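All chains are named by letter (A, B, ...) in the order of the sequence lines, taking the proteins before the strands, and each is independently numbered beginning at 1. Note that the structure is predicted; figures quoted are calculated from it, not measured.
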2 protein chains.
Amino acid sequence: MAEKRAEILDIAVTLADERGLAAVSMRAIAERVGVTPMALYPYIGNKTALLDAMLGHLLGQLQPPGAEAAGAGGAGGPGGAAEERGADEAGEAGTWRERLGAIARAARAVVTAHPWAAELVFARPAVTPDSVRTVDLLYTALLEAGVAAGEVPRLERMLSTVVIGFAASEAGGRFGAAEDPRGFRGMLPDGTLPGHAQLATALECPVDWDAEFEADIADLALLIEAVARRGAP
Amino acid sequence: MAEKRAEILDIAVTLADERGLAAVSMRAIAERVGVTPMALYPYIGNKTALLDAMLGHLLGQLQPPGAEAAGAGGAGGPGGAAEERGADEAGEAGTWRERLGAIARAARAVVTAHPWAAELVFARPAVTPDSVRTVDLLYTALLEAGVAAGEVPRLERMLSTVVIGFAASEAGGRFGAAEDPRGFRGMLPDGTLPGHAQLATALECPVDWDAEFEADIADLALLIEAVARRGAP
DNA sequence: ACCTGAACACCGTTCAAGT
DNA sequence: ACCTGAACACCGTTCAAGT
């Protein structure tokens, strides 16, 4: 009963990894399962519920070691290495800075391994047990950093937004070929881009996205310390 | 020739505003235009190009006054009030803090007025002339704040990510009913959520999202100042 | 209890014809 | 130059049958 659901979910995730979210259709899943599309419905409800479950399946892998009990679908699947590295780093040891960094890196690694997740994550509240547990780890880290209780939930949302948004921008293409607007310089009505002009040399070298992510994490930690210093608002 | 394209785009945007992005089909647009679906292709290319153009149409309204020349589609459309308020605030006057805040509020207002934009914005680089101009305003503001040139593009991306991510989370539902996890407390394997427990009172009151957005903007300004103080890395 | 098959109301897009 | 109509290869989902 539950194994069949897990099998369907596993096949759906594999399909998304291989051919993108657009290729995840009831008909395509059914073909791989070896069954009629309609036979899927008792197990997954409908298409929206399937997408929810696929995202939940992924978020479950963001947890620190010890949290993942039995079950959780067929062993492995593609991209498993990145997830496990991420999950290992997201444990409860270390300073709040290390733990926040580990969770952030794990989240980015999951989206890198499963880019289709970026298309789903902004449309669903973090209400699964796995998500709530990750949020709890962030709450604990922020409290330990000295952030006032009244500011913790907001800061958690801002942190998550930066991390998820960064990963989604990478996976989706927003951090694309936009950084060399030289082709536009002449075609603007007023003809000038003063900011770009002042940054000409800085905009010429290609971006190291790993380094940028680390710099963003470091700056967020800086912000958290500043908020902690100022105390309750 | 160009008027027909503008008419098609306007109808597509109106359709998305009224019934969501999923309702924007070639067939539905064609019906409102009063034409066969195939008659649209010479004007818009294909579905992906249509979505690109729809987003571009919106981003054009994020510009400060003076930037919008003639053209730019049919006058008005639904939600015009919010956009115009946003556009008015995003001008070039004031301190860098005021200008950053104005651009951020304008961007959020656009997504609030057209929630479907949130589904598109992470998947497309900011390469249209309108987008590049907005990025240039952010560059200029960051330079004025004293941020080192080598850090400006990264900080611009982080800023945009927070603002776009916040708006997308609101519009998409990520900032949903997740803030009351009391129902989950008992169903977790280890049974405890220490972070949530410490925040019990803070998590009980409903969130004022306008205030949260303003607090996020203020904190980003704080971070910009800290980065400016530390100078080049 | 579990699955199938036909059907319904949709998609985006191609291609040959029309005027 | 601009548009139509039929067709192709898809969708998610309902519903009545099958075993």
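- The partner of dC8(D), taking Watson-Crick or G-U wobble pairs whose two distances both stay under 3.5 Å, is dG12(C).
- For Ile29(A) and dC3(C), the CD1 to C1' distance is 17 Å, given to the nearest whole Å.
- Atom pair Lys47(A):NZ and dC11(C):C1' shows a separation of 12 Å (rounding to whole Å applied).
- Arg133(B) and Thr128(B) are not linked by any side-chain donor-acceptor pair at a separation below 3.5 angstrom, with hydrogens and angles left out of the test.
- Using the six-membered ring where Trp is involved, Phe166(B) and Trp209(B) have ring planes that are perpendicular, over 60° apart on the 30 and 60° scheme.
- Here the side chain of Ser25(A) is nearest to one of dC11(D), dG12(C), dC3(C), namely dC11(D).
- We find the CE-CD distance between Met26(B) and Glu31(B) to be 15.0 Å, quoted to the nearest 0.5 Å.
- Judged by distance alone, the side chain of Asp17(B) and the main-chain N or O of His114(B) form no donor-acceptor pair under 3.5 Å.
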Exercise. Starting from the C-alpha separation in whole Å, work towards a yes-or-no answer on side-chain contact (heavy atoms from CB on, under 4.5 Å) for Ile217(A) and Leu100(A).
Key: CA-CA 8 Å; Ile217(A) 290 175; Leu100(A) 282 187; 6.0 Å; no
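- For Tyr41(B), counting side-chain heavy atoms from C-beta on, the closest listed nucleotide (dC3(C), dG12(C), dG12(D)) is dG12(C).
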Heteroatom pairs (N/O) under 3.5 angstrom, protein to nucleotides 15-19 of chain D:
none

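- Looking at the side chain of Tyr43(B), the nearest of the listed nucleotides dT4(D), dT13(C), dC3(D) is dC3(D).
- For dA7(C) and dC11(D), the C1' atoms lie 14 Å apart once the distance is rounded to whole Å.
- Taking only side-chain atoms of Ala39(A), from C-beta outward, the nucleotide of dG12(C), dG5(D), dT4(C) with the closest atom is dT4(C).
- Distance, Glu31(A) CD to dT4(C) C1': 16 Å, rounded to whole Å.
- Between the C1' atom of dT13(D) and the CG atom of Asn46(A) lies a distance of 9 Å, rounded to the nearest Å.
- A 3.5 Å limit on both hydrogen-bonding distances identifies no Watson-Crick or G-U partner for dA17(C).
- Between Glu18(B) and Arg32(B), at least one side-chain nitrogen of the basic residue sits less than 4.0 Å from a carboxylate oxygen of the acidic one, meeting the salt-bridge criterion.
- Ranked by how close their nearest DNA chain C nucleotide is to the 5' end, Arg27(A) and Pro42(A) are led by Pro42(A).
- dA9(C) and dC10(D) have their P atoms separated by 22 Å, with the value rounded to a whole Å.
- Between the side chains of Ser160(A) and Glu156(A), a donor-acceptor pair is found at a separation under 3.5 Å.
- With rounding to whole Å, Leu50(B) atom CG is found 14 Å from dC11(C) atom C1'.
- A sub-4.0 Å separation between OP1 or OP2 of dC3(D) and a side-chain N or O of Lys4(B) is present.
- The Thr36(A) side chain lies nearest to dT4(C) when the options are dT4(C), dG12(C), dC3(C).
- Put simply, CG on Leu40(B) is 11 Å from C1' on dC3(D), counting in whole angstrom units.
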